[in-house]
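Letters A, B, ... mirror the listed sequences (proteins, then strands); counts begin at 1. For the numbers below, each heavy atom of this structure counts, side chains included, while hydrogens, waters and symmetry mates do not.
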Amino acid sequence: MSEGNGTGREFRVVGTRPIRHDGIDKVTGRARYGADIHLPGMLQGKVLRSPHAHARIVSIDVSEAAALAGVKAIVTGADLPEVRSSEEQSGESVTNARDLSANVLARDKVLYHGHAVAAVAATSAAVAEEALEKIRVEYEGLPPVLSVLDAMRDEAPILHPHLRTRGGEKSDRPTNVASVTVFERGDLEKGFAEAAEIVERTFDTAMVHQGYIEPHNAVAQVNPDGQATVWCSTQGSFEVRKLCAQILEMPLSRLRVVPAEIGGGFGGKTTIYLEPLAVMLAARSGHPVKLVMSRSDVLRATGPTSGSHIRMKMGATKGGRICAVDAWLAYEAGAFPGSPVMMGAMCLMGPFDVDHLRIRAYDVVVNRPKTAAYRAPGATNAAFASETVADELARRLGIDPFEFRLKNAAQEGTATAAGPKLRRVGCVELVEAARACAHAKAPLERTDGPRRRGRGFATGFWFNAGLQSSAVISLHPDGTASLVTGSPDIGGTRTSCAMIAAEELGLAALEVRPVVADTDSIGYTDVTGGSRVTMATGLAVYEAAQDVKRQLCERAARTWKVEPDQVRFEDGRVVPLTSGPEPLPLASLAKASAKTGGPIVGRATVNAQRANGPSFAGLLVDVEVDTETGRVDVTRCTVFQDAGRAIHPAYVEGQMQGGSAQGIGWALNEEYVYDEAGRLLNDGFLDYRMPVTLDLPMIEPVIIEVPNPGHPYGVRGVGEASIVPPPAAVANAIADATGVRMTTLPMSPPRVLAALREAGWRPSSSPQPSVA
Amino acid sequence: MRELRYTAPASLAEAVSLLSDAGQDPRILAGGTDLLIQLRAGVRDAGHLVDVKRIPELNVLEASPEDGLRVGAAVPCASLVEHAAAGELYPGLVEAAALIGSTQIQSRATLAGNLCNGSPAADTTPALLALDATCVTAGPGGSRTRHVSELLVGPGRTSLEPREILVEIRVAAPAKGAADAYQRLIPRGEMDIAVVGVGAVLQIADGRVASARIALGAVGPTALLAEEAAASLVGKAPDEAALERAGALATSAARPISDKRGSAEYRRDVVSVLTRRVLASAIERARRRA
């Protein structure tokens with residue numbers, strides 16, 4: 001692997017803003033998404049879902065449905081192989097094959113409202129729907145458990161009788177607590193003894209969904225010899241192949257997964273739901289089968305990320321050094337173990353350097369959909385607690401919040417919660433940039449009326465991921481190139497990867513045509529997740545370009561009849577080290593390749609774990625709080641992020657703005673609303689209130705570039721960290737406006753109004769409590 | 001979803017006769033912004049959609065200071081929002097119409113549809129109720145006229161007969177020194193359903209309130225009039241204290257429930273605040289006219 005991080009290098013393509021290669025397809029509607037796939041003889045599939053949050057399945061009778069004209073296949077949980085409990089790292093998270101299988105189709109129990117129970121393939125969607133109505137399922141209702149605190153009670157109804165707590169005290173009692181993880185260092189008692197101020201608060205955050213526009217979909221075709229192909233919307237085609245093969249007990253070579261264009265994922269499309277159903281229905285019916293979720297299916301049965309309960313105690317010295325942190329986090333895993341609570345625990349104090357800390361993290365199953373990754377999984381919940389408590393400490397100590405963060409900022413050598421020390425990071429530079437920006441310097445016009453204004457800042461940390469990637473670059477005879485990777489493009493990575501190839505080969509970005517290939521057309525590539533593609537797949541592209549350059553040098557050396565070490569590649573051509581022949585441009589070498597040894601194809605595969613570098617983000621927001629109704633409007637917003645090096649700054653800015661928008665939605669109005677029986681009440685975008693354009697001001701992005709020492713260009717992943725600060729930043733701004741500390745998400749109008757009332761605020765013209 | 005018949009009659013008589021075939025389970029389609037979604041979601045059922053957008057009588061849109069307002073049942077909200085005289089005379093009704101959905105939705109959705117859908121949270125209904133608007137209908141028995149208040153029955157229900165078609169909505173010319181206003185509270189900036197909506201019409205004469213009507217949305221099974229709140233203002237100077245009292249009385253008229261969009265308690269809190277704000281807005285407009 002090449003060393004260095006691009007410092008001092010003059011870039012030609014990197015850092016520019018070319019038009020994206022897939023832009024025309026997307027703005028003209030030509031891009032082919034999963035739901036656009038149509039095959040001859042294709043059947044339509046539908047999924048029967050549980051109306052209950054928690055119930056035993058006594059019996060399923062599909063006979064009447066199967067007899068309906070046009071129904072070609074029906075599957076239930078009994079048709080899936082009984083796979084053993086086995087845990088495997090898949091992308092950023094750990095997946096248990098048995099749980100995954102039981103999530104794809106329920107076995108003896110349904111564990112959440114919307115849990116898949118059966119699937120039907122029929123000649124039309126209407127027939128398939130009619131068939132669903134004719135499937136008779138007898139349920140025996142069980143009491144649902146919806147919150148972590150209820151699920152952790154001794155007498156709580158148990159979701160999985162076999163589940164025992166991993167970590168912590170050994171016990172053979174059935175439990176809903178899947179695991180306990182504790183990070184501890186230093187001496188808490190000693191740390192708190194040094195404190196001049198201690199803030200201790202309890203936080204609750206609601207379950208929220210990624211909210212991708214495109215619902216999950218899958219089309220499968222299975223030949224009589226068992227060769228299967230799946231087309232689907234996914235962030236990881238190899239992940240879909242692996243997980244389907246695991247739960248269907250198929251050899252990997254029997255399954256080809258073709259990633260369609262993807263309409264958003266944000267982490268939620270890194271697992272499987274419909275894909276194995278489509279394969280089973282296609283195998284049974286002998287026809288291709290297509291399944292597409294409704295929005296209600298998406299909200300009830302896919303995605304979300306955990307709601308959580310967090311207790312946070314933090315102390316700081318008179319001088320503003322954080323001296324001790326004691327935190328307790330419990331996250332909703334959903335129906336099966338695997339919340340991102342450990343990642344939340346590891347990110348909790350990411351932007352800070354703390355000597356004495358204890359963080360206890362609980363993964364708790366509840367009767368809600370199994371959570372899936374969502375943009376910096378677990379970190380946003382944690383930062384809502386740590387970043388608001390830090391802000392409160394700073395104010396109590398009379399220290400400017402920026403200054404307070406700088407006094408405690410993580411930097412090279414700072415130990416993370418889990419132990420490993422940070423390499424060079426941009427936390428200090430980020431806070432300094434925020435403090436110096438025009439927004440921070442602009443005076444906030446405060447008013448005495450019912451609408452109060454405030455300003456808040458918060459930071460956030462995310463590890464990012466390295467993982468494995470493959471890339472192949474083929475030179476065309478005219479001197480242009482194709483680039484094949486296995487990374488579905490959810491953030492402009494076709495273009496960023498093409499730019500890296502172009503930079504290395506002396507081409508223009510649009511002279512490299514990037515293609516996202518299926519699982520049989522490129523080497524193994526991990527999910528598009530962990531903000532890893534531009535960094536890790538980009539690294540594979542960089543290495544593949546070095547391979548192309550080596551081959552070009554060999555061809556030139558052969559042409560000149562000199563040794564390869566007598567030439568070098570620079571500025572898009574091979575030049576002799578000694579005087580003599582004229583340099584050979586890449587295009588000439590590509591054109592002559594038939595005569596010098598055949599096509600020129602560079603390839604590389606990487607495990608980029610060592611190349612990875614974490615990213616920090618910050619958000620500065622102004623809010624206006626309507627103290628009579630509790631409505632909060634974000635009126636100004638600036639986002640900061642350390643990109644290491646921005647390959648395509650416009651797409652980096654897009655990620656920063658997108659993460660901020662999602663984080664503000666999480667802060668203000670998004671939440672899963674259940675009734676007492678555990679039925680999801682707001683399973684549509686009308687009542688699952690994501691922000692619309694009018695809810696957000698222009699989000700001004702400020703890119704910080706502190707190169708990642710592990711990467712040849714210094715790239716850090718940028719897709720996630722920006723979602724971490726918003727809830728804390730908004731809460732800090734509300735506190736600045738009203739003196740009231742919000743500790744519950746979302747900070748929706750009723751919650752804000754209730755908190756204001758509790759603090760003594762009254763409607764209209766009567767005198768209000770003073771804002772601390 | 002079963003198969004649907006679709007017809008688009010060009011006359012009122014033809015429409016009434018198409019609706020008479022009860023075996024077809026007919027439904028009137030105007031903008032379709034509620035109905036089509038309800039059909040897809042299985043909330044309502046229909047066998048025959050009778051599209052009324054081609055009927056001339058349902059496409060009338062007139063507004064004048066002498067004759068008041070006539071809005072045909074097929075007129076999209078966007079036309080009303082863009083109608084200069086309507087905006088001048090009934091700013092409250094027009095601001096309610098402008099709150100419905102997005103620009104695209106407003107190009108399809110109609111005032112009449114908003115009313116006939118019977119949602120307790122419909123934005124234009126409290127505005128129409130405050131204006132004491134009337135509805136002209138056509139049916140097998142001929143033409144009828146009744147007040148909006150008589151049309152509202154319950155969530156999703158109106159007093160319209162199965163074969164009765166709403167033809168147009170009429171509002172009297174504004175009295176001298178009178179003006180209307182409408183506001184709602186939603187958690188988002190747009191694309192949401194009112195948690196509380198308040199419409200009001202206020203008439204100012206000699207610096208005092210000569211008459212008032214206040215209508216509340218989303219806090220009862222139908223939009224409802226806050227009569228005591230309105231009466232408390234009459235004869236008074238419209239000052240801060242009077243508005244606050246009216247707000248408090250409006251809260252006692254509200255009969256909200258708790259649902260996924262808001263708790264009853266929160267809705268009560270917001271009724272008084274919005275009532276005050278809507279009254280203040282109507283007063284300011286009325287003063288400019290007085």
Side-chain angles (χ1 to χ4, degrees), chain A residues 124-127 129-130 133 294-296 449-451 626-635 664-665 667-675 679-697 746-754 756-757 761-766, chain B residues 1-4 33-34 37-38 40-43 99-103 105 119 121 183-196 198 239-248 251 256 258-280:
Chain A
S124 74
V127 172
E129 258 166 35
E130 201 182 337
E133 287 169 24
S294 67
R295 182 65 58 198
S296 165
R451 292 191 169 92
D626 184 336
T627 59
E628 294 183 326
T629 65
R631 233 190 90 124
V632 175
D633 283 307
V634 175
T635 54
I664 289 170
L668 291 180
N669 282 305
E670 290 182 40
E671 66 179 313
Y672 269 43
V673 181
Y674 285 92
D675 66 12
R679 285 181 295 251
L680 183 64
L681 297 176
N682 58 338
D683 57 343
F685 278 159
L686 182 58
D687 291 309
Y688 180 80
R689 289 158 166 152
M690 296 180 72
V692 298
T693 335
L694 287 172
D695 292 315
L696 297 165
M747 296 176 282
S748 56
R751 288 218 180 82
V752 172
L753 187 65
L756 289 167
R757 291 280 167 84
W761 284 81
R762 292 289 168 261
S764 87
S765 46
S766 36
Chain B
M1 193 166 139
R2 62 191 215 214
E3 284 190 8
L4 267 178
T33 56
D34 285 312
I37 287 161
Q38 290 162 354
R40 243 177 248 141
V43 178
L99 285 173
I100 296 174
S102 58
T103 303
I105 298 285
S119 164
Q183 289 182 24
R184 68 173 180 186
L185 182 115
I186 53 172
R188 284 190 287 202
E190 256 302 344
M191 303 301 290
D192 216 326
I193 292 190
V195 175
V196 174
V198 179
D239 54 17
E240 189 79 18
L243 265 51
E244 219 155 301
R245 201 150 61 93
T251 298
S258 292
D259 66 11
K260 61 189 171 188
R261 300 196 176 116
S263 69
E265 185 196 357
Y266 180 67
R267 287 184 154 122
R268 263 186 225 104
D269 280 342
V270 172
V271 165
S272 72
V273 174
L274 273 197
T275 300
R276 246 189 313 112
R277 290 181 183 179
V278 168
L279 288 171

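Residue A:Leu686 touches chain B through both its backbone and its side chain, counting heavy-atom pairs closer than 4.5 Å. Contact of B:Ile186 with chain A is made through backbone and side chain together, with heavy-atom distances under 4.5 Å. Looking at B:Arg267, there are no atoms closer than 4.5 Å to chain A (heavy atoms on both sides), in backbone or side chain. Within the 4.5 angstrom heavy-atom criterion, no atom of A:Ser748 approaches chain B. Using a 4.5 Å cut-off between heavy atoms, A:Tyr672 does not touch chain B at all. At a 4.5 Å heavy-atom cutoff, the contact between B:Val195 and chain A is made by side-chain atoms alone. With a threshold of 4.5 angstrom between heavy atoms, A:Phe685 approaches chain B through N, CA, C or O but not through any side-chain atom.
Using a 4.5 Å heavy-atom cutoff, the side chains of A:Leu668 and A:Asp695 are not in contact. Side-chain atoms of B:Ser272 and B:Thr251, non-hydrogen and from C-beta on, do get closer than 4.5 Å to each other. A 4.5 Å side-chain heavy-atom check between A:Met747 and A:Val632 finds every atom pair outside the cut-off.
Of the listed residues (B:Leu185, B:Val270, B:Asp269), the greatest number of heavy-atom pairs within a distance under 4.5 Å of chain A belongs to B:Asp269. Each of A:Asn682, A:Val673, A:Asp687 has some count of heavy-atom pairs under 4.5 Å with chain B, and the biggest count is that of A:Asp687. In terms of heavy-atom pairs under 4.5 angstrom with chain B, the leader among A:Met690, A:Glu130, A:Glu671 is A:Met690.
The pair A:Asp626-B:Arg277 meets the salt-bridge criterion, since a charged nitrogen lies less than 4.0 angstrom from a carboxylate oxygen.
Applying the 6.0 Å contact sphere to CD of B:Glu190 captures more than 12 heavy atoms from other residues, nucleotides or ligands.
Remark: the backbone N or O of B:Arg261 is paired with a side-chain donor or acceptor of B:Asp259 at under 3.5 angstrom. At distances below 3.5 Å, not a single donor-acceptor pair connects side-chain atoms of B:Ser263 with backbone N or O atoms of B:Ser258.
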